[in-house]
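Shown next, in structure tokens, is the structure this report addresses.
A, B, ... follow the sequence lines: proteins, then strands. Residue 1 opens every chain. The model shown is predicted, which means the values in this text are computed figures rather than measured ones.
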Protein chains: 2
Amino acid sequence: MLSAIMEDYLKAIYYLQDETDERVRTSTLAEHMGVEQPSVTSMMKKLAERDLVHHEPYKGVELTDTGIPIALEIIRHHRLLERYLTDHLEYDWAEVHDEADRLEHHISNQFADRIAEQLGDPAVDPHGDPIPTAELDISAPKCGETLADHQVGDSVRIERVPDEDADLLRYLSEHGIHPGTEVEIVEVTSFGMVTLDLDGGDEPVALPEKVARSISAQSLSEDTS
Amino acid sequence: MLSAIMEDYLKAIYYLQDETDERVRTSTLAEHMGVEQPSVTSMMKKLAERDLVHHEPYKGVELTDTGIPIALEIIRHHRLLERYLTDHLEYDWAEVHDEADRLEHHISNQFADRIAEQLGDPAVDPHGDPIPTAELDISAPKCGETLADHQVGDSVRIERVPDEDADLLRYLSEHGIHPGTEVEIVEVTSFGMVTLDLDGGDEPVALPEKVARSISAQSLSEDTS
DNA sequence: GAACGAAATTAGACGAGACTAAGTTTATAG
DNA sequence: CTATAAACTTAGTCTCGTCTAATTTCGTTC
Ligand SMILES: [Mn+2]
Ligand SMILES: [Mn+2]
Ligand SMILES: [Mn+2]
Ligand SMILES: [Mn+2]
């Protein structure tokens, strides 16, 4: 019924809506999809026509109750595929995003359910993002705190990393940083460089503050359990 | 570079060319693709433009040396996917064709190579069709003899079955007929009904002659080895 | 070898999804 | 409360892959 392109728009709206909790703006969507604004406006009309989004002209769009489960279905496909590619097909986590971004539109729900079963219904994808269940329940979207929100001296556990920049992912995995890794923040410079010490020794790892702000991390304080 | 649709045309031309060894006619292709003739003509122009087919107006098309490997790549994807779906994801062989027919255009060669490796580089797909290697070598396209070519009393081994009719595949597997099954032809009626006896006992299986002609089968005579 | 029917091609249109250029609306500043 | 810049939408065009209707070519028959 829906084209792959329409599905990608719905997915993008879901992500952006999740981030800001406001209506998603045409310009934001255009940038995220890599198209010009008029393309977005025209697509929003089509999606509104089908009751998948509510479009308030000049104000932005949001997913309707019909649109949300469709977006979640695609996100489920995407994240299950990523998990499957890394766990069963020896893909590097830096390579999985593009492959999943294509395949997510073309696998059946049956395919998704079968690989979920093979994987033992995993809760998160290789980058730490939660995988919606077959009933499309999704756990806590995003826990808020990032590496940049902590102080020098804090010990934190990496929760999730952004999955779209392959170069960054390669850099991170080369330096042993995955969801689950425990690190201590050892330096934050005035010019925006964050340095981490890995639990497992080795060299400290430096990250631009912009990157630090894109990586979720939770305090390792007493009340962690 | 090529759209999924273009790939499907190339694949169709390969199949049809393989069957008849002549140039493929516009009408044949139109029927196979489920489109009208002018759609085929216009697509053939585009493919000829890119040197993937040679189009002799009013006579038909054939794949060029550039077009053949592209068709074989898609066929490799298709058959590997079918094998993978049945062997690793518990699909029934009647369900795999449609899923593979979509995914074949969207998986990378890397994905294909990885599942080939996991499967141990299988030579044939679940329906008995040969799988091209990563170097795009393909073994004996089609051995010629079908169930309908044998006499009453002959014992034969099923080599391959057509993979596009899910109902037929369900019927065959319910009656224990797969590539590798050994059967004896026990009756051929004047009104086109072929009856088989399975090696493993049970009831005889009846097939319309049209179906019998679509199933490859090799004599189990002495010189089989 | 002319005529006819089948097969193929050309011509023209449409929907999807993109673009550029031009016109509106909104928000913000003075 | 008006002026202006940014954001958004509208208008019109393009390519892709399809369609129907009209025309051309081929192969065969008389
Ligand atoms: Mn996608
Ligand atoms: Mn991911
Ligand atoms: Mn296909
Ligand atoms: Mn097959």
Side-chain angles (χ1 to χ4, degrees), chain A residues 1-14 16-17 19-63 67 70-71 74 101-102 104-106, chain B residues 1-14 16-17 19-63 67 70-71 74 101-102 104-106:
Chain A
M1 261 0 57
L2 290 182
S3 69
I5 295 290
M6 285 175 161
E7 291 181 349
D8 269 337
Y9 273 98
L10 292 177
K11 192 177 67 155
I13 295 169
Y14 185 93
L16 296 169
Q17 195 168 303
E19 267 173 23
T20 67
D21 254 348
E22 286 177 352
R23 276 185 294 225
V24 179
R25 315 229 50 171
T26 303
S27 50
T28 317
L29 212 33
E31 189 189 7
H32 195 268
M33 295 292 297
V35 300
E36 298 301 318
Q37 290 190 4
S39 309
V40 174
T41 302
S42 112
M43 181 57 81
M44 291 312 104
K45 284 185 171 174
K46 283 173 202 156
L47 295 178
E49 186 75 28
R50 302 192 188 209
D51 248 318
L52 299 169
V53 303
H54 181 235
H55 184 202
E56 186 89 35
Y58 294 99
K59 297 298 177 53
V61 289
E62 53 190 3
L63 293 174
I70 297 178
I74 310 299
D101 220 15
R102 268 178 291 118
E104 62 188 1
H105 311 288
H106 305 289
Chain B
M1 254 12 47
L2 290 182
S3 68
I5 296 289
M6 284 174 163
E7 291 181 350
D8 269 338
Y9 274 97
L10 293 177
K11 191 176 67 156
I13 296 168
Y14 184 95
L16 297 169
Q17 195 168 305
E19 269 172 22
T20 66
D21 255 347
E22 287 177 349
R23 275 185 293 225
V24 179
R25 314 230 50 170
T26 302
S27 51
T28 316
L29 210 34
E31 189 188 9
H32 195 269
M33 295 292 297
V35 299
E36 299 300 320
Q37 289 189 3
S39 309
V40 174
T41 303
S42 113
M43 181 57 81
M44 290 313 104
K45 282 185 172 175
K46 284 173 200 156
L47 295 179
E49 185 75 26
R50 302 192 189 210
D51 249 318
L52 299 169
V53 303
H54 181 235
H55 184 204
E56 187 90 34
Y58 294 98
K59 297 296 177 53
V61 290
E62 54 189 4
L63 293 174
I70 296 178
I74 310 297
D101 220 15
R102 268 178 292 116
E104 62 188 0
H105 310 288
H106 304 288

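In the set D:dG17, D:dA11, D:dT20, the nucleotide with an atom closest to the side chain of B:Lys46 is D:dG17.
Phosphate contact (OP1/OP2 of C:dT9, side-chain N/O of B:His55, threshold under 4.0 Å): present. Taking only side-chain nitrogens and oxygens, A:Thr41 comes nearer than 4.0 Å to OP1 or OP2 of D:dT9. The phosphate of D:dC16 has neither OP1 nor OP2 within less than 4.0 Å of any side-chain N or O from B:Ser3. One finds no side-chain N or O of A:Tyr58 lying less than 4.0 angstrom from the OP1 or OP2 phosphate oxygen of C:dG23. An OP1 or OP2 oxygen of D:dC8 is reached within less than 4.0 angstrom by a side-chain nitrogen or oxygen of A:Gln37. For the OP1/OP2 pair of C:dT10 and a distance below 4.0 Å, the side-chain nitrogens and oxygens of B:Lys45 include at least one atom meeting the criterion. In terms of phosphate contacts, A:Arg25 brings a side-chain nitrogen or oxygen within less than 4.0 Å of OP1 or OP2 of D:dC8.
Using a 4.0 Å heavy-atom cutoff across all strands shown, A:Thr26 reaches sugar-phosphate atoms only and no base atom. Note on B:Ser42: a base of the nucleic acid sits closer than 4.0 angstrom, heavy atoms only. Residue B:Ser27 is in sugar-phosphate contact alone, with no base atom involved, counting any heavy-atom pair closer than 4.0 Å across all strands shown. Residue B:Met6 is classed as a sugar-phosphate contact, given heavy-atom separations below 4.0 Å to backbone atoms only.
With rounding to whole Å, B:Glu36 atom CD is found 14 Å from C:dA7 atom P.
If you find the closest nucleotide of DNA chain D to B:Val35 and to B:Lys59, the one lying nearer the 5' end belongs to B:Val35.
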